[in-house]
Amino acid sequence: MNHTASNANCSEPSGKPIIFVALRASIVFIILCGILYPLAMTGLAQLFMPHQANGSLIKDASGNTVGSELIGQSFVDPKYFQSRVSSIEYKAEASGSNNYAPSNPDMLKRTQDSIAAWQKENPDVPISELPIALITNSGSGLDPHITPQSAEVQIPRISRLTGIPAGRLEQLVDKHTEGRDLGIFGEPRVNVLKLNIDLQTLLQ
Amino acid sequence: MGILQILIVIAIVVLLVKPLGTYVYHVYSNDPNKTDKWFGWLERFIYRLIGLKNRPGMTWKRYAVSFLLTNIVLVALGYLILRLQKYLPFNPNGIENMEQTLSFNTIISFMTNTNLQHYSGETGLTYFSQMAVIMMMMFTSAATGFSVAIAFIRGITGKGATIGNFFEDFVKSHTRIFIPAAVVVTLVLVALQVPQTLDPVLTVKTLEGASQNIAIGPVASLESIKHLGTNGGGFFGANSAHPFENPTPLTNVIEILSMWLLPASLPYVYGRFAKNTKQGWVVFGAMMTLFVGFLSLIYFSELRGNPAMNVLGIDASQGSMEGKEVRFGIPQSSLFSAVTTAATTGTVNNMHDTLTPLGGLGTLAEMMLNVVFGGKGVGLVNMLMYAILGVFLCGLMVGRTPEFLGRKIEPREMKLIAIAILAHPFIILAPTAIAFLTDLGQGSITNPGSHGISQVLYEYTSSAANNGSGFEGLADNTPFWNLTTGLVMLLGRYISMIAMLAVAGSLVRKQWVPETIGTFRTDNGLFYGILIGTVLIIGALTFLPAIVLGPIAEHLKLG
């Protein structure tokens, strides 16, 4: 290192050389970090992990692409397992939520409406068993999961509407219940789209 | 299980502080070492490209001019790209040019390492802008912050007249830390399903036969540096709550570690430079203590849930799930929120606007103090500023000239530190007051009551601390918010950086005072307590009234 040798330079008051170095450094790092790096990463990802790199798309039993396993969908038909509340109705060209504060009266109103709708569609399940996760809005508005309990409480309704025995539906929910990552991180969950793809097969 | 998974992540951080800190020390100590072999060739090539023939040590003024000029050039080029993005390549989704005040806000936001976002990535930026502006600045702003922190450490620990060469530090931050780490984390994230493509928005037919458009893009390469550089600006509007940015609890842990490890290891790096690692552990201990306190506040109040929802008769035992993702639940969401506001990253995996009042208070308080780990370098510099203040206060009590690391602390240093410490609350509270006094500010509040106060307070606190997260309900893409938060971010970043470089420049030239039995020690348990006390007292004195009007009032009303 030449720190000591060139200490004299540092007292140079002239700012001229610095601006040229700054300009050239900026251009070099725009090219290196802003163009070469992301393009190289895209190339490697596409070459070695195309499924993940392109959004983990998922097919139904007959081979049609029906969405991404990571992006939630809105299920209107009560014969299907329902996803969580989404203010953007799972329209994934955008993302986000209403950002309701805990004290916001609009959120309270929305939740009361959800509870009333639940009681109407699920007369067999008391609201004391209705999990909070199912009637709250996720942060992304695209949550692909519901809690295992949120899936179980929907079984009586689906069984009644479709005629599929509750035991068979329970097997289906069990099959699609994912545990915590590495047995410790996160929460157990059920992917609604994957579950409904299997349910659709049963329906046909 | 909730507490255990949090403890495991904290344990990983504590275990990795020493090895990582040792590596970072070698990078900047400028003594020959093994890593020269791997990275030296690339650095020599870059030095030649940028016309840096030799790399003389700089005075603090020259160092400050160098980093400011580099940032100004990057801001100018980045601004041009945003304003002209429609005409540039990689725009498969046909996105328009960005509006003036929004471009101003965005470019300041990313250059200052804040990453406050008044746009939504899905609709506001082309892939070229995401790469050449956003990702590029995520590297360069982090490298700038890291370099300045190292220069400050050299100043307060070293002997001699200079604090290092900015361009050398800047290049090495990229070549030896951020680029290699970003490459590894990007590929791991892709393996765990984070997309990385240049294809346009996907359109699929859903299971029920409806049409769904899915925004996608080069997400993983942004996601890695977003956390490693404590930047925090999301590819998508929903940031790390979006399943493409953060698909599993495992990616959540990786993102937490990515943003936390480097800031956490800096106190150790400081200890190495000071040739007394105990100095570093005292600072680390103080940071970790404050962190665990705020994390507990967030975790337990989210777990307790929202009283207004708990009385509705549903099963609310899981806690407050509004604005949170099922895969993360309360533990991974609380930990993420505590780390992102501590490390001033500003990435979010749940919506902070929806946090319970005391949970929101935890995130707000970490940014107000701005010393709990802190963003790339800045947190350590702020904490050392409080350390010098603590020494000064103790000196006053016993009537001795205060000393820090063997050098006398005199009026010039204390004046600079006072400016830096007072600037932070001033640029938060003054604009907050202005926003409440004007229709332009008030009109953007979306949640009624005390929470509206929290929304505004959070926005400016996040800007001043260069954090960048938001109570995102605030309708903040208006010229008023774009310009005021832009200015707050600028002042928040550069006042303290320049003041602290000046302190370093003045300390580095001072005579060493030999240590005697009367020297006040800064590497023991007593000083750990004094440090925490100084931070909390100054923080409480400045921010308590504002906090009482916002989150505390909301908490009391909710019951």
**Q.** Which atom of A/Arg84 lies closest to which atom of B/Met321, heavy atoms considered
**A.** NH2-O, 3.1 Å
Checking heavy atoms, do the side chain of [X], its backbone, both or neither come under 4.5 Å from chain B?
{"X": "A/Ile127", "value": "both"}
{"X": "A/Ser97", "value": "side chain"}
{"X": "A/Leu70", "value": "both"}
{"X": "A/Glu178", "value": "neither"}
{"X": "A/Ser150", "value": "neither"}
{"X": "A/Leu32", "value": "side chain"}
{"X": "A/Val76", "value": "both"}

(Q) How long is the straight-line distance from CZ of A/Phe75 back to CG of B/Leu207, given to the nearest 0.5 Å? (A)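 B/Leu207 atom CG to A/Phe75 atom CZ measures 5.0 Å (nearest 0.5 Å).
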Q: Would you give the length of the straight line joining atom OG of A/Ser138 to atom CG of B/Asn350, rounded to the nearest 0.5 angstrom?
A: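 Those atoms lie 11.0 Å apart.
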Q | Exam field: side chain B/Asp199 to backbone A/Asn54, donor-acceptor pair closer than 3.5 Å | A | no
Interchain contact, [X] with chain A, by part (heavy-atom threshold 4.5 Å):
{"X": "B/Leu77", "value": "side chain"}
{"X": "B/Asn306", "value": "side chain"}
{"X": "B/Val183", "value": "both"}

Q.
Quick one, A/Phe48 with B/Val190, criterion side chain to side chain contact (heavy atoms under 4.5 Å, CB included). Give me CA distance, side-chain angles, the key distance, then yes/no.
A. CA-CA 10 Å; A/Phe48 295 108; B/Val190 176; over 6 Å; no
(Q) Name the residue from B/Thr70, B/Leu74, B/Val171 that meets the side-chain contact (heavy atoms from CB on, under 4.5 Å) definition with A/Phe29. (A) B/Val171
Q. Taking 4.0 angstrom as the limit, do A/Glu187 and B/Lys324 come out as a salt bridge?
A. no
(Q) Ignoring hydrogens and geometry beyond distance, is a side-chain donor-acceptor pair present between B/Thr186 and A/Tyr37 at under 3.5 Å? (A)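 Yes.
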Q.
Quick one, B/Ile179 with A/Cys33, criterion side chain to side chain contact (heavy atoms under 4.5 Å, CB included). Give me CA distance, side-chain angles, the key distance, then yes/no.
A. CA-CA 8 Å; B/Ile179 293 178; A/Cys33 302; 4.1 Å; yes
Q: Verify the neighbour count for atom CD of A/Gln112: are there more than 12 heavy atoms of other residues, nucleotides or ligands below 6.0 Å?
A: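 Correct, the count exceeds 12.
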